[in-house]
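These notes are about the structure you will find just below.
Naming: A, B, ... by sequence-line order, numbering from 1 per chain.
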Number of protein chains: 2
Amino acid sequence: MRSYRQYCALAKALDVVGDRWTLLIVRELLLRGPCRYTDLQSGLPGIATNLLADRLRELEQAGVVRREAAPPPIATTLFQLTSRGEALDAVVEQLGRWGAPLLAKPRRNDAFRSHWLALPVRHCLRDHRPDQPPITIEVRTGAEPMTIETVNGAVRTRPGAARTPDAVLTGAPPLVVGVLTGRLGLEEARAAGLQYAGDPETLRRVQPGR
Amino acid sequence: MRSYRQYCALAKALDVVGDRWTLLIVRELLLRGPCRYTDLQSGLPGIATNLLADRLRELEQAGVVRREAAPPPIATTLFQLTSRGEALDAVVEQLGRWGAPLLAKPRRNDAFRSHWLALPVRHCLRDHRPDQPPITIEVRTGAEPMTIETVNGAVRTRPGAARTPDAVLTGAPPLVVGVLTGRLGLEEARAAGLQYAGDPETLRRVQPGR
DNA sequence: CCGGATCCGGGTTGATACTG
DNA sequence: CAGTATCAACCCGGATCCGG
């Protein structure tokens with residue numbers, strides 16, 4: 001991208017991360033940790049391969065991303081955020097918070113990846129009963145299941161199913177996101193096609209708003 | 001901008017404000033309040049007039065900007081942020097914080113406008129002695145002077161000179177920004193060409209970091 | 001399969017000129 | 001003052017290809 005050539009912190013930041021796709025690449029690396037090139041491609045549906053290669057080079061040059069040869073026997077290169085890149089977490093969080101209301105009226109045919117759920121989970125959900133035994137919620141909404149679990153007060157996500165989930169949430173992404181963020185009531189979502197197996201209290205334990 | 005077509009809050013936010021120039025237009029409206037078209041042009045050196053018109057239309061459509069006929073006798077249209085647009089303040093702040101270190105090594109020929117100083121001032125400076133009488137610092141670094149003043153605990157900026165400033169800061173933007181944010185010591189900046197008239201304590205009262 | 005490079009058509013941006 | 005018109009240059013998206 002051409003520089004804005006303005007002596008302003010915002011303009012300088014946008015010189016680095018204002019390009020198309022750039023912040024979405026950062027999102028992938030924030031949510032998934034070190035990624036292979038093809039992991040990034042799968043998490044960024046619609047990106048052209050030359051653009052991904054270009055952006056990774058630019059981000060590396062800017063000190064946001066580091067490229068590393070994975071230790072044997074993996075034999076592939078991994079892309080990961082530097083500490084400077086991880087500092088973009090706050091930017092991604094604020095943009096995500098601002099964009100969250102736009103998820104209320106979803107367009108059809110929007111792509112979806114299960115791990116994107118980690119964004120609202122990390123920034124909205126809290127364990128309101130850290131004194132209680134930890135809980136696990138399995139979410140089935142994208143192509144792959146993912147798991148939400150409490151770990152001494154924090155709420156984490158990880159890919160894959162849970163061994164013994166306290167609850168299982170199944171349905172379209174808008175319903176799952178609506179319920180998790182508390183925008184949609186459980187009964188309301190059920191009427192729209194969401195399936196929830198488990199104690200509603202399990203859900204309330206991590207939902208925002210009180 | 002083409003939509004990313006991803007069911008993700010970050011992607012949805014970038015669908016609206018991810019276009020080139022868009023967040024800089026929001027910056028102008030955040031820092032200066034309601035603006036005329038030509039005010040925006042002067043605050044966005046380098047923008048093409050057709051792009052400014054396009055972006056304003058898109059932002060209006062997205063509910064971020066409102067266009068209003070100014071009350072007589074002004075007889076001009078004013079552009080201002082809606083409440084949704086003002087909510088982008090947090091986004092601009094985080095991006096500005098992230099970009100601030102990039103101001104340390106300035107390129108020559110970067111454009112500068114005095115009112116851009118309001119960004120670091122709003123987000124970094126605090127009045128550490130709200131019990132004391134208010135103070136006023138005049139800054140002369142761009143084409144026009146601007147004034148920093150404490151108002152019961154908060155630090156504000158306004159365009160124009162101060163009537164009876166407690167201090168006057170004169171010099172190139174990198175020096176002024178460096179001193180205000182505390183990255184540069186006053187003596188260090190003086191050696192580099194900054195002029196400071198007044199009690200150094202006046203400066204310390206609002207500088208960040210203790 | 002992985003990690004790109006290359007090529008091409010079309011859309012967007014940027015600079016300038018012009019207008020109600 | 002607040003844009004529109006025009007046009008060249010550049011960037012993006014999609015497809016294809018290629019060396020490990």
Side-chain angles (χ1 to χ4, degrees), chain A residues 1-6 11 14-25 28-29 32 34-62 65-80 109-111, chain B residues 1-6 11 14-25 28-29 32 34-62 65-80 109-111:
Chain A
M1 171 182 280
R2 279 174 58 103
S3 168
Y4 287 108
R5 301 204 148 273
Q6 295 185 359
L14 291 173
D15 281 347
V16 176
V17 298
D19 259 322
R20 188 158 168 75
W21 290 106
T22 302
L23 274 179
L24 294 184
I25 294 171
E28 288 301 302
L29 294 171
R32 307 218 284 183
C35 284
R36 292 174 302 175
Y37 188 86
T38 42
D39 295 334
L40 291 171
Q41 272 188 311
S42 73
L44 297 163
I47 196 172
T49 176
N50 57 346
L51 272 192
L52 179 53
D54 284 355
R55 294 290 178 271
L56 286 171
R57 233 188 324 269
E58 291 162 11
L59 287 172
E60 200 181 350
Q61 182 102 14
V65 161
R66 184 173 42 228
R67 181 187 310 242
E68 267 187 24
I74 307 185
T76 186
T77 56
L78 288 179
F79 298 90
Q80 58 190 295
N109 297 344
D110 273 359
Chain B
M1 172 182 280
R2 280 174 57 102
S3 168
Y4 287 109
R5 300 204 149 272
Q6 296 185 358
L14 292 174
D15 280 348
V16 176
V17 298
D19 259 322
R20 188 158 168 75
W21 289 107
T22 302
L23 274 179
L24 294 184
I25 293 172
E28 287 302 302
L29 293 170
R32 308 217 285 183
C35 284
R36 292 173 302 177
Y37 189 87
T38 41
D39 295 333
L40 290 172
Q41 273 189 311
S42 73
L44 295 164
I47 196 172
T49 177
N50 56 347
L51 271 192
L52 180 54
D54 284 354
R55 294 289 179 271
L56 286 171
R57 236 190 320 270
E58 291 162 9
L59 287 172
E60 200 180 352
Q61 181 102 14
V65 161
R66 185 172 42 229
R67 179 189 312 244
E68 266 187 24
I74 307 185
T76 185
T77 57
L78 288 179
F79 297 89
Q80 59 190 294
N109 297 343
D110 274 357

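- Using a 4.0 Å cut-off, no side-chain N or O of A:R20 falls inside it from OP1 or OP2 of C:dT12.
- Summarising the geometry, the separation between CG on B:D19 and P on D:dC11 is reported as 16 Å, rounded to the nearest angstrom.
- Summarising the geometry, the separation between CG on A:L44 and P on D:dC12 is reported as 15 Å, rounded to the nearest angstrom.
- Rounded to whole Å, the distance from CZ on B:R67 to P on D:dC1 is 16 Å.
- For D:dG3, neither phosphate oxygen OP1 nor OP2 lies less than 4.0 angstrom from any side-chain nitrogen or oxygen of B:T49.
- Among C:dG3, D:dG13, D:dT6, the nucleotide with an atom closest to any side-chain atom of A:W21 is D:dG13.
- Classification of A:R55 and A:E58 as a salt-bridged pair holds, one side-chain N sitting under 4.0 Å from a carboxylate O.
- For A:Y37, the listed nucleotide lying nearest its side chain is C:dG4; candidates were D:dG13, D:dA5, C:dG4.
- Each of C:dG14, C:dT13, D:dC1 was ranked by its minimum atom distance to the side chain of B:T38; first place goes to D:dC1.
- Put simply, CG on A:D54 is 14 Å from P on C:dC7, counting in whole angstrom units.
- With rounding to whole Å, A:E58 atom CD is found 8 Å from D:dC12 atom P.
- Phosphate proximity of C:dG3 to A:R57: absent, as no side-chain N or O sits under 4.0 Å from OP1 or OP2.
- The side chain of A:R2 approaches C:dG14 more closely than any other nucleotide in the set C:dG4, C:dG3, C:dG14.
- Using bins of under 30°, 30° to 60° and over 60° for the plane-to-plane angle, the ring pair B:F79/B:Y37 lands in the tilted bin.
- Rounded to an integer number of Å, the gap from CD of B:Q41 to C1' of C:dA15 is 13 Å.
- When each of D:dC12, D:dC1, C:dT13 is scored by its nearest atom to the side-chain atoms of B:L51, the top-ranked nucleotide is C:dT13.
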